Amino acid sequence: MTAKKKPKVYITRKLPDAVETRMRELFDAELNIDDAPRSVPELIAAVRTADVLVPTVTDRIDAALIDEAGPQMKLIASFSNGTDHIDVEAAARKGITVTNTPNVLTEDTADMTMALILAVPRRLGEGARILTDKPGEWAGWSPTWMLGRRIHGKRIGIVGMGRIGTAVARRAKAFGLAIHYHNRKRVNPAVEDELEATYWESLDQMLARVDIVSINCPSTPATFHLISARRLALLQPTAYLVNTARGDVVDETALIKCLREGKIAGAGLDVFENEPAVNPKLVKLANEGKVVLLPHMSSATIEGRIDMGDKVIINIRTFIDGHRPPNRVLPGR
């Protein structure tokens with residue numbers, strides 16, 4: 001009996017060793033050992049020969065690339081929760097199925113969001129740098145030194161009350177914050193009751209009334225620069241903005257202007273509009289203590305990455321076995 005041929009799987013970035021080992025056991029997997037981002041010519045060569053492409057959020061899988069795919073390419077199993085880096089409509093036209101890895105990064109991202117919600121008003125970045133950048137200069141405790149803002153009793157406005165937004169709300173409530181949210185539709189009444197959450201159909205009205213804004217919505221054409229210059233101007237001068245979703249949801253240029261002019265109190269950012277490039281003006285603001293910047297690490301836990309890899313493997317195996325993969329992404333979603 002002839003052994004069934006393993007599908008050729010092309011993986012664009014370095015994944016956890018446990019995931020790569022399992023990939024090699026199950027598939028004819030081509031790994032990226034040095035983790036250097038693949039160039040467009042390399043990706044074109046891959047889609048012309050591989051049966052399955054496993055990209056990440058750093059890979060742009062656009063219509064031009066998809067058009068280069070050979071007839072054997074039938075699955076794009078993305079190692080990501082979001083799929084804004086993939087032209088899902090173009091893939092559907094080509095007869096290629098797209099999958100993602102939802103529901104495994106919720107708690108990790110919510111943890112980091114809460115960390116930034118604490119870090120910015122309480123000036124954690126500034127405090128840490130004083131001890132490391134200027135050793136010996138700390139004179140000791142003082143009643144009026146390094147004063148931040150209390151978060152207990154404040155209002156948080158969550159933009160996007162999906163899985164992550166809801167997880168952020170649960171954490172924020174435990175810290176004594178009043179929960180306000182804006183979403184395309186209201187959440188389940190039981191969830192609203194649990195969180196004692198106030199729903200705002202109008203994003204503008206919510207932004208003008210909260211002390212902390214947490215961005216937790218996906219990146220779509222409808223959410224591009226959702227937090228625009230006009231909406232940033234609605235925030236109170238004592239308000240803080242935290243973004244662990246996608247950089248292009250916020251007009252970064254307008255945010256920088258607001259921060260420089262003191263029109264809002266500060267920001268915590270884990271994502272950027274042109275990553276991996278970070279605007280030098282943001283870096284300057286971070287050095288001045290007005291912003292806390294993180295290198296897109298909200299979902300970066302060992303457990304989370306292995307869970308993502310497991311979902312990719314399940315999606316591939318299910319598809320290869322002739323069934324609909326559990327995490328299929330449909331056009332328009």
Side-chain angles (χ1 to χ4, degrees), residues 81-82 84 102-103 105-121 149-251 254-255 258 264-271 292 298-299 333:
N81 182 34
D84 47 294
N103 304 328
L105 305 177
T106 299
E107 303 303 328
D108 298 331
T109 303
D111 284 345
M112 192 65 84
T113 304
M114 197 65 220
L116 284 171
I117 289 169
L118 289 165
V120 181
R149 291 277 182 175
R150 176 186 296 164
I151 69 164
H152 186 277
K154 300 296 194 300
R155 297 184 179 95
I156 183 171
I158 297 172
V159 182
M161 195 72 153
R163 289 182 297 268
I164 294 172
T166 302
V168 170
R170 288 195 173 101
R171 287 158 173 75
K173 185 174 185 293
F175 277 82
L177 286 154
I179 309 303
H180 295 249
Y181 76 97
H182 168 79
N183 205 44
R184 287 180 299 174
K185 58 182 180 180
R186 295 184 74 147
V187 300
N188 186 292
V191 175
E192 267 195 7
D193 290 345
E194 172 203 345
L195 298 171
E196 301 177 63
T198 300
Y199 172 65
W200 293 88
E201 186 175 357
S202 166
L203 175 58
D204 289 4
Q205 290 181 12
M206 184 186 79
L207 292 175
R209 290 166 170 83
V210 297
D211 304 291
I212 300 167
V213 177
S214 178
I215 309 300
N216 300 109
C217 61
S219 173
T220 69
T223 62
F224 178 79
H225 282 188
L226 180 69
I227 308 302
S228 59
R230 181 186 67 79
R231 286 194 166 121
L232 286 167
L234 299 173
L235 296 176
Q236 302 172 61
T238 54
Y240 299 91
L241 182 142
V242 170
N243 187 7
T244 57
R246 286 290 187 269
D248 62 9
V249 176
V250 178
D251 183 337
L255 175 63
C258 283
I264 64 173
L269 306 175
D270 185 50
V271 288
V292 175
S298 288
S299 63
R333 291 293 182 88

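Keep in mind that this is a model prediction, so the values were computed, not measured.
- Between the side chain of Asn216 and the backbone N or O of Ile164 there is no donor-acceptor pair closer than 3.5 Å.
- Considering CG of Leu118 and OG1 of Thr113, their distance stands at 11.0 Å, rounded to 0.5 Å.
- Leu241 contributes atom CG, which lies 5.0 Å from atom CD1 of Ile215 (distance to the nearest 0.5 angstrom).
- Residues Thr198 and Met206 have side chains not in contact (no heavy-atom distance under 4.5 Å, counting atoms from C-beta outward).
- Considering only heavy atoms from C-beta on, Arg149 comes within 4.5 Å of Tyr240 through its side chain.
- Minimum heavy-atom separation, Cys217 to Leu226: SG-CD2, 4.2 Å.
- For the side chain to side chain donor-acceptor pair (under 3.5 Å) criterion with Ser298, the lone passing option out of Thr109, Asp270, Thr244 is Asp270.
- Between the CE atom of Met161 and the CG atom of Asn188 there is a distance of 11.0 Å, given to the nearest 0.5 Å.
- Contact between Thr106 and Ala167 at its shortest, heavy atoms only, is CG2-CB, 3.8 Å.
- For Asn243 (side chain) and Leu269 (main-chain N/O), no donor-acceptor pair under 3.5 Å exists by modelled atom type.
- Within the 4.5 Å cutoff, the side chain of Ile151 has heavy atoms near those of the Met114 side chain.
- Distance check, rounded to the nearest 0.5 Å: CG of Leu207 to CG of Leu232 gives 8.5 Å.
- By the side-chain contact (heavy atoms from CB on, under 4.5 Å) test, Asp248 pairs with Ser219, Phe224, Arg246, Glu273, sequence neighbours left out.
- Salt bridge annotation for Asp251-Arg231: absent, with no cationic side-chain nitrogen under 4.0 angstrom from a carboxylate oxygen.
- We find the CG-CG distance between Leu234 and Leu203 to be 8.5 Å, quoted to the nearest 0.5 Å.
- Contact annotation: the side chain of Thr166 approaches that of Leu195 to within less than 4.5 Å [non-hydrogen atoms, C-beta and beyond].
- Contact between Ser214 and Val168 at its shortest, heavy atoms only, is OG-CG1, 4.1 Å.
- Listed by first and then second residue, the side-chain hydrogen bond (donor to acceptor under 3.5 Å, both in side chains) pairs that reach into residues 173-182 are Lys173-Glu196, His180-Trp200, Tyr181-Glu192, sequence neighbours excluded.
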**Item:** Derivation and outcome, side-chain contact (heavy atoms from CB on, under 4.5 Å), residues Lys154 and Ile117
**Value:** CA-CA 11 Å; Lys154 300 296 194 300; Ile117 289 169; over 6 Å; no
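- Contact between Pro102 and Arg163 at its shortest, heavy atoms only, is CB-NH2, 3.7 Å.
- Atom CZ of Arg171 sits in a crowded spot, with more than 12 heavy atoms from other residues, nucleotides or ligands closer than 6.0 Å.
- For the pairing with Val249, the side-chain contact (heavy atoms from CB on, under 4.5 Å) check across Val159, Thr223, Val271, Thr220 returns one residue only, Thr223.
- Heavy atoms from other residues, nucleotides or ligands lying under 6.0 Å from CD of Glu201 number 12 at most.
- Using a 4.5 Å heavy-atom cutoff, the side chains of Ile179 and Ile156 are in contact.
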